[in-house]
Amino acid sequence: DEGAANAATDALRFVSDTARFSQTKTQVWEDVLVEGFGGALVGCKHGKASGKVEITIKRIPWDRLFRDPHSRERDFSDAMYKGIVTWMDYDEAVRKWPDAEDALAATISQSNSETYDDRPKYRIWADGKRQRVRVVEIYYRTNGVWFQAFYTEGGLLSGNKPCEYVDQDGGAECPLILFSAYCNRENERYGIVRLLISLQDELNKRRSKALHLLSVRQVIAEKGAVADVAEAKAELAKPDGYSQVTPGIKFCVAETADLAEGQFKLLAETAQAM
């Protein structure tokens with residue numbers, strides 16, 4: 001089946017190029033590394049003129065995603081539900097779901113928000129000033145079959161039907177593909193950046209200590225070596241400081257270069273580890 005395999009490979013390459021999969025993959029990967037998880041929605045669009053159907057792969061920002069908190073697998077294969085939260089203009093939502101205008105109107109009428117933020121605070125379903133509503137697109141699994149639904153606070157907009165996205169056997173599959181870098185015992189997702197925080201703290205501390213040791217002087221002196229101790233300290237802190245000392249009484253500046261060098265060595269090790 002070499003010919004069929006080559007044809008399938010060419011088809012996959014065509015879909016990948018058309019859907020800009022390489023760019024989308026890079027964006028999702030950055031979310032996975034930094035925020036801990038990310039995902040994309042696989043769908044299709046119909047060309048109005050050509051009538052052709054094109055596969056689409058759309059990256060969903062990590063802060064617009066939600067998922068089953070009991071899921072432990074990195075690819076969320078054990079999740080019972082996952083979805084997307086979208087803030088939409090009220091008029092746009094009505095155009096998209098004309099049969100659910102009552103639910104949208106009920107949501108916007110209960111708004112007590114006066115924010116102009118792009119992402120209003122949690123638990124707010126509508127923004128009265130900017131006339132926007134929160135729409136939830138949820139995918140949930142029942143008896144092994146994935147279903148899709150759109151809803152807002154006022155009620156169901158559409159859905160509660162099996163997903164149109166299917167697997168190789170024709171069964172309904174979830175088109176929202178999620179992935180995470182790491183998962184701890186509390187099922188919290190995190191990326192590689194969290195593992196670097198302690199190293200970054202040490203890096204900052206070592207650099208600060210080395211700079212401090214290079215910019216201060218320690219003095220060993222007998223009592224009465226200088227007339228004014230405070231004035232002597234102030235002069236020693238200057239690059240061109242000058243202090244008069246009493247002859248015959250011990251007064252010497254202690255070397256701290258070895259301490260600074262030690263901090264620099266530890267700094268280099270931390271930077272290498274990072």
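Predicted model only: the values in this text are computed from it and were never measured. Index from 1, following the sequence.
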Would you say that Ile249 contacts Thr246 through its side chain, given a criterion of any heavy-atom pair below 4.5 Å between the two side chains?
yes
Worksheet entry | Heavy atoms of other groups near Arg59 CZ, more than 12 under 6.0 Å | yes
Practice problem: Mark yes when over 12 heavy atoms from residues, nucleotides or ligands other than Glu92 sit less than 6.0 Å from its CD; otherwise mark no. | Solution: yes
More than 12 heavy atoms of other groups within 6.0 Å of Gln168 CD:
no
If hydrophobic clusters are built from ILVMFWY residues whose side chains come within less than 4.5 Å, do Ile57 and Leu176 share one?
no
Between Asp89 and Arg130, is a salt bridge (charged side-chain N to carboxylate O under 4.0 Å, His left out) present by the stated rule, with each step listed? CA-CA 8 Å; Asp89 290 339; Arg130 293 182 59 180; 5.7 Å; no
| task | Kindly indicate, with the supporting measurements, whether the criterion ring pair (Phe, Tyr, Trp, His ring centres under 6.0 Å) is fulfilled by Tyr140 and Trp146. | result | CA-CA 6 Å; Tyr140 59 95; Trp146 282 95; 8.3 Å; no
So CD1 of Ile84 and CG of Leu41: to nearest 0.5 Å the spacing works out to 5.0 Å
d(Ile124 CD1, Arg134 CZ) to nearest 0.5 Å is 7.5 Å
When every non-hydrogen atom of Ala93 is compared with those of Val133, the smallest separation belongs to CB-CG2, 4.1 Å
For Thr24 and Ala40, the nearest pair of non-hydrogen atoms, with its separation, is CG2-CB, 4.3 Å
Smallest heavy-atom separation, Ile108 atom then Tyr90 atom, equals CG2-CE1, 4.1 Å
So NZ of Lys52 and OG1 of Thr18: to nearest 0.5 Å the spacing works out to 10.0 Å
- Query: Mind checking whether Leu104 and Thr152 have side chains closer than 4.5 Å, heavy atoms only?
  - Reply: yes
* Asked: Do Tyr190 and Val34 come close enough that some side-chain heavy atom pair is under 4.5 Å?
  -> no
Any chain of hydrophobic side-chain contacts (each under 4.5 Å) joining Val136 to Leu156? yes
inquiry  = I'd like to know if Val94 and Phe150 are part of one continuous hydrophobic network [Ile/Leu/Val/Met/Phe/Trp/Tyr, side-chain heavy atoms within less than 4.5 Å].
reply    = yes
Check your understanding: With a 4.5 Å heavy-atom cut-off, do Ile220 and Lys250 have their side chains touching?
Key -> yes
Between the CD1 atom in Ile138 and the SG atom in Cys174, the distance rounded to the nearest 0.5 Å is 10.0 Å
NZ of Lys82 to CZ of Phe76, rounded to nearest 0.5 Å, is 8.0 Å
Taking the six-membered ring for Trp, are Trp62 and Phe37 parallel (under 30°), tilted (30 to 60°) or perpendicular (over 60°)?
perpendicular
Worksheet entry | Side-chain heavy atoms of Leu33 within contact of Val193, under 4.5 Å | no
task = Show your working on side-chain contact (heavy atoms from CB on, under 4.5 Å) between Tyr182 and Ile192 and close with a plain yes or no.
result = CA-CA 8 Å; Tyr182 302 100; Ile192 192 70; 3.8 Å; yes
| request: Mind running side-chain hydrogen bond (donor to acceptor under 3.5 Å, both in side chains) on Glu173 and Tyr165 for me, showing each step along the way? | output: CA-CA 5 Å; Glu173 269 288 347; Tyr165 187 72; over 6 Å; no
- Is there side-chain contact between Val42 and Thr56, with at least one heavy-atom pair below 4.5 Å? no
Rounding to 0.5 Å, atoms CG (Leu267) and NZ (Lys205) come to a distance of 13.5 Å
Heavy-atom nearest pair, Gln148 first then Tyr139, reads NE2-OH, 3.0 Å
* To do: Quick one: do Glu202 and Thr270 satisfy side-chain hydrogen bond (donor to acceptor under 3.5 Å, both in side chains)? Show the steps, please.
  => CA-CA 7 Å; Glu202 183 179 358; Thr270 304; 3.2 Å; yes
Quick check: do Val53 and Lys45 have side-chain heavy atoms less than 4.5 Å from each other? no
Go through it in stages, so that I can follow the logic: the residues are Gln263 and Arg206, the test is side-chain hydrogen bond (donor to acceptor under 3.5 Å, both in side chains), and I'd like the CA-CA distance, side-chain angles, deciding distance and then a yes or no. CA-CA 6 Å; Gln263 294 293 341; Arg206 298 295 180 195; 3.2 Å; yes
Passes side-chain contact (heavy atoms from CB on, under 4.5 Å), Leu178 versus Leu65? Steps please.
CA-CA 9 Å; Leu178 303 183; Leu65 295 168; 3.8 Å; yes
(Q) Is there a path of hydrophobic side-chain contacts, each under 4.5 Å between heavy atoms of I/L/V/M/F/W/Y residues, joining Met274 to Leu195? (A) no
| request: Classify the angle between the aromatic ring planes of Tyr151 and Trp125 as parallel (below 30°), tilted (30 to 60°) or perpendicular (above 60°). | output: tilted
Item to complete: Take Asp127 and Gln131 through the test side-chain hydrogen bond (donor to acceptor under 3.5 Å, both in side chains) and record every step on the way to the result.
Response: CA-CA 5 Å; Asp127 180 0; Gln131 291 295 295; over 6 Å; no
Phe264 and Glu269: CA distance, side-chain angles, deciding distance, side-chain contact (heavy atoms from CB on, under 4.5 Å) verdict = CA-CA 9 Å; Phe264 271 118; Glu269 290 182 8; over 6 Å; no
Smallest heavy-atom separation, Asp31 atom then Ile60 atom, equals OD2-O, 4.3 Å
Between Pro162 and Val145 the two heavy atoms that sit nearest each other are CB-CG1, 4.4 Å
Donor-acceptor pair, Asp1 side chain versus Ala4 backbone, under 3.5 Å?
-> no
Can I get a per-line list of side-chain donor-acceptor pairs under 3.5 Å for residues 66-74, giving both atom names and the distance, sequence neighbours left out?
{"residue": "Asp68", "atom": "OD1", "partner": "His70", "partner atom": "N", "Å": "3.0"}
{"residue": "Asp68", "atom": "OD2", "partner": "Met80", "partner atom": "N", "Å": "3.1"}
{"residue": "Ser71", "atom": "OG", "partner": "Asp78", "partner atom": "OD1", "Å": "2.7"}
{"residue": "Ser71", "atom": "OG", "partner": "Arg189", "partner atom": "NH2", "Å": "3.3"}
{"residue": "Arg72", "atom": "NH1", "partner": "Asn187", "partner atom": "OD1", "Å": "2.7"}
{"residue": "Arg74", "atom": "NE", "partner": "Ala181", "partner atom": "O", "Å": "3.3"}
{"residue": "Arg74", "atom": "NH1", "partner": "Ala181", "partner atom": "O", "Å": "3.3"}

Check your understanding: Does Ile55 share a hydrophobic cluster with Ile177, counting links as ILVMFWY side-chain heavy atoms below 4.5 Å and allowing steps through other members?
Key -> yes
Can you tell me if Asn184 uses its side chain to pair, donor with acceptor, with the backbone of Glu186 under 3.5 Å?
yes
May I ask you to test the Cys183-Glu188 pair for a side-chain heavy-atom distance under 4.5 Å? no
Sequence neighbours excluded, the answer for salt bridge (charged side-chain N to carboxylate O under 4.0 Å, His left out) partners of Asp10 is Arg13
